[in-house]
2 protein chains.
Amino acid sequence: MDKGHSNVQRQNGVALWRQIADRIRTSIANGDYDATGKVPPEMALAAEFGVNRHTVRSALAALAQEGIVRPMQGRGTLIERKERLTFPIRRRTRFIEGIGDQAREKEGLLLHSAEEPASAELAARLQVPEGASVIRLEIVRKADGRAVARSTAWFPAERFRGLEQAYRDSGSITAAFGKLGLSDYLRAATEITATHADSGDLADLKLSPGAIVLVTRALNTDTEGVPVQYAITRFAADRVQFTIEN
Amino acid sequence: MDKGHSNVQRQNGVALWRQIADRIRTSIANGDYDATGKVPPEMALAAEFGVNRHTVRSALAALAQEGIVRPMQGRGTLIERKERLTFPIRRRTRFIEGIGDQAREKEGLLLHSAEEPASAELAARLQVPEGASVIRLEIVRKADGRAVARSTAWFPAERFRGLEQAYRDSGSITAAFGKLGLSDYLRAATEITATHADSGDLADLKLSPGAIVLVTRALNTDTEGVPVQYAITRFAADRVQFTIEN
DNA sequence: CTCAAATGTCTATTGATATAGACAACCATA
DNA sequence: TATGGTTGTCTATATCAATAGACATTTGAG
């Protein structure tokens with residue numbers, strides 16, 4: 001349906017091989033090559049994008065480095081991995097449940113935690129006094145062993161003391177909340193933006209420079225409407241999409 | 001709150017000057033330089049990013065080309081423009097109303113229209129027989145003279161004959177629907193992804209290569225739940241953000 | 001086995017990217 | 001008006017990105 005043009009842009013700060021790598025990665029994610037399970041031959045791609053075969057080879061080498069394709073001499077370039085998780089954003093948004101059966105293994109890895117005073121902006125969002133103590137968790141979310149997002153989440157410390165340990169034990173915010181007596185919570189608001197991956201994204205999400213991250217800023221409240229969590233989550237854009245059902 | 005690291009990535013297909021231009025553009029949009037109304041001096045930026053001053057100058061030249069900054073010899077580099085529109089996504093999502101008073105002038109420019117048979121995918125979404133006639137509108141949306149998004153929208157032709165003229169007259173989908181007897185419609189589902197700008201985006205949205213677009217795929221229905229419109233809209237990522245209120 | 005098709009490797013050349021240094025031009029202000 | 005801070009311009013050099021061509025190697029099919 002939305003095919004897009006074939007042409008790539010020259011001499012504008014993004015190397016041709018990277019533009020082409022991005023395009024091929026997207027095509028793989030869209031299932032354009034599912035019929036064969038292979039990427040088209042290098043010469044065909046070179047003709048399609050209007051570049052030299054060596055330029056296409058640079059692009060494919062980058063994709064091979066990411067583990068997306070595997071070149072086989074004499075046979076062609078096989079597609080190794082192809083996925084784009086769909087994330088529903090709704091009143092009861094849960095990371096793990098949102099993935100559902102799109103992945104077998106889901107895990108949340110706690111990178112770092114701290115208790116710290118709330119900045120003015122954060123205090124306003126969590127409706128606590130400025131400088132009040134908040135718990136900050138840094139989490140990398142994985143599905144089938146692939147990092148799909150990294151979150152920084154803040155919680156009012158007074159109400160949720162012990163949250164860090166509860167999260168460590170369960171690997172789930174929902175479960176950790178449950179242990180601390182909060183059986184249900186609701187998504188009050190979500191903001192979505194997109195930007196280029198920063199160095200933290202490259203490291204934690206194993207992205208390549210120039211990659212895109214989808215950034216959500218979300219506020220969760222309890223059933224009374226009292227804020228319980230504010231989180232900034234950065235998703236690898238070529239591994240996820242969001243859906244909002246009304 | 002989310003500050004991000006300073007370092008840029010070398011030799012990975014995205015030129016340093018472009019990475020730096022993207023970072024500065026984002027900082028401007030975030031209001032990081034609002035205190036002075038100016039970008040930091042070239043030498044300071046060079047030190048911050050760990051590059052040569054000439055590389056920073058290339059980045060600033062690109063931003064000046066976009067009309068975002070204006071260098072003034074002897075004074076510094078002034079910020080010309082800084083904006084990020086917020087778009088609510090909700091049950092009654094309207095482009096023009098969504099902008100609200102964030103911009104004075106809003107317009108929708110009809111680039112192209114056609115009547116064509118529905119593809120299998122489109123037919124499924126609009127719940128019409130495959131090959132049934134649909135109207136396709138290509139629209140560029142502007143706010144205060146700046147292009148913020150471009151849409152491709154499909155409508156069942158049988159029900160909405162004359163839509164093109166109605167849109168031309170009013171510049172609004174909502175108004176065009178109204179003329180054809182549809183007084184209300186609802187957003188049934190929205191998918192959001194992000195990708196790099198393609199050549200069409202560069203032209204229509206006046207983006208620079210490597211820029212990011214937020215892509216929404218949305219289905220609108222009438223109050224009976226019958227699909228009336230399917231639209232793919234590509235937003236310039238550094239000019240907008242989305243909000244979902246629950 | 002032979003051939004066509006595909007990826008792998010090598011050399012060479014051109015233009016874009018990045019660094020480095022020096023100095024000119026301009027502005028605000030002390 | 002003198003000075004420090006800033007952008008503007010120029011030259012030079014090294015590395016990366018892209019093109020071009022030739023040929024080797026591997027695979028699958030006839």
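Per chain, numbering begins at 1; letters A, B, ... match sequence-line order.
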Nearest whole angstrom, please: distance from the [atom2] of [N] to the [atom1] of [X].
X: A/Glu42; N: D/dT25; atom1: CD; atom2: P; result: 17 Å
X: A/Arg70; N: C/dG8; atom1: CZ; atom2: P; result: 12 Å
X: B/Leu78; N: D/dT6; atom1: CG; atom2: P; result: 13 Å
X: B/Leu63; N: D/dT7; atom1: CG; atom2: C1'; result: 15 Å
X: B/Trp17; N: D/dA17; atom1: CH2; atom2: P; result: 14 Å
X: A/Arg57; N: C/dT9; atom1: CZ; atom2: P; result: 7 Å

Identified side chain to side chain contact (heavy atoms under 4.5 Å, CB included) counterpart of A/Val39 within the set A/Ile79, A/Leu63, A/Asp32: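 Answer to the side chain to side chain contact (heavy atoms under 4.5 Å, CB included) test with A/Val39 among A/Ile79, A/Leu63, A/Asp32: A/Ile79.
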Bending between helix ends of the helix from C/dC1-D/dG30 to C/dA30-D/dT1 [5 pairs per end, 10° resolution]: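 Nearest ten degrees gives 30° for this helix.
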Below 3.5 Å, can you tabulate the donor-acceptor pairs from side chains in residues 108-117 of chain A to any protein atom, sequence neighbours excluded?
residue  : atom : partner  : partner atom : Å
A/Ser113 : OG   : A/Glu164 : OE1          : 3.1
A/Ser113 : OG   : A/Glu164 : OE2          : 3.2
A/Glu115 : OE1  : A/Arg161 : NH1          : 3.3
A/Glu115 : OE2  : A/Ser133 : OG           : 2.6
A/Glu115 : OE2  : A/Arg161 : NH1          : 3.2
A/Glu116 : OE1  : A/Arg136 : NH1          : 2.5
A/Glu116 : OE2  : A/Arg136 : NH1          : 3.2
A/Glu116 : OE2  : A/Trp154 : NE1          : 3.2

Ring center gap for A/Phe235 and A/Phe242 short of 6.0 angstrom: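 Here the rings of A/Phe242 and A/Phe235 have centres that are less than 6.0 Å from each other.
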Residue met sooner reading DNA chain D from 5', once A/Met72 and A/Asn52 are mapped to nucleotides: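 Looking at the nearest nucleotide for each, A/Asn52 comes out on the 5' side.
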Touch class at under 4.0 angstrom, heavy-atom based, for B/Met43 against every strand present: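 The answer is nothing, as B/Met43 stays clear of every strand by at least 4.0 Å.
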Sugar-phosphate only, base, or nothing, as touched by A/Thr77 at under 4.0 Å among non-hydrogen atoms: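 Sugar-phosphate, no base atom in range.
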Distance-only donor-acceptor test, B/His54 side-chain atoms vs D/dG8 base atoms, 3.5 Å: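 Counting by modelled atom types and ignoring angles, no donor-acceptor contact under 3.5 Å is found here.
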Pair of N/O donor and acceptor under 3.5 Å linking C/dG8 base with A/Arg53 side chain: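 Pair found.
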Side chain of B/Gln73 - closest among D/dT9, C/dA25, D/dT19: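 Closest nucleotide to the B/Gln73 side chain: C/dA25.
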Test side chain to side chain donor-acceptor pair (under 3.5 Å) applied to B/Gln241 and B/Thr86, step by step: CA-CA 5 Å; B/Gln241 71 172 357; B/Thr86 295; 3.1 Å; yes
With A/Arg141 via side chain to side chain donor-acceptor pair (under 3.5 Å) - residues at least two apart: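 Partners of A/Arg141 under the side chain to side chain donor-acceptor pair (under 3.5 Å) test: none.
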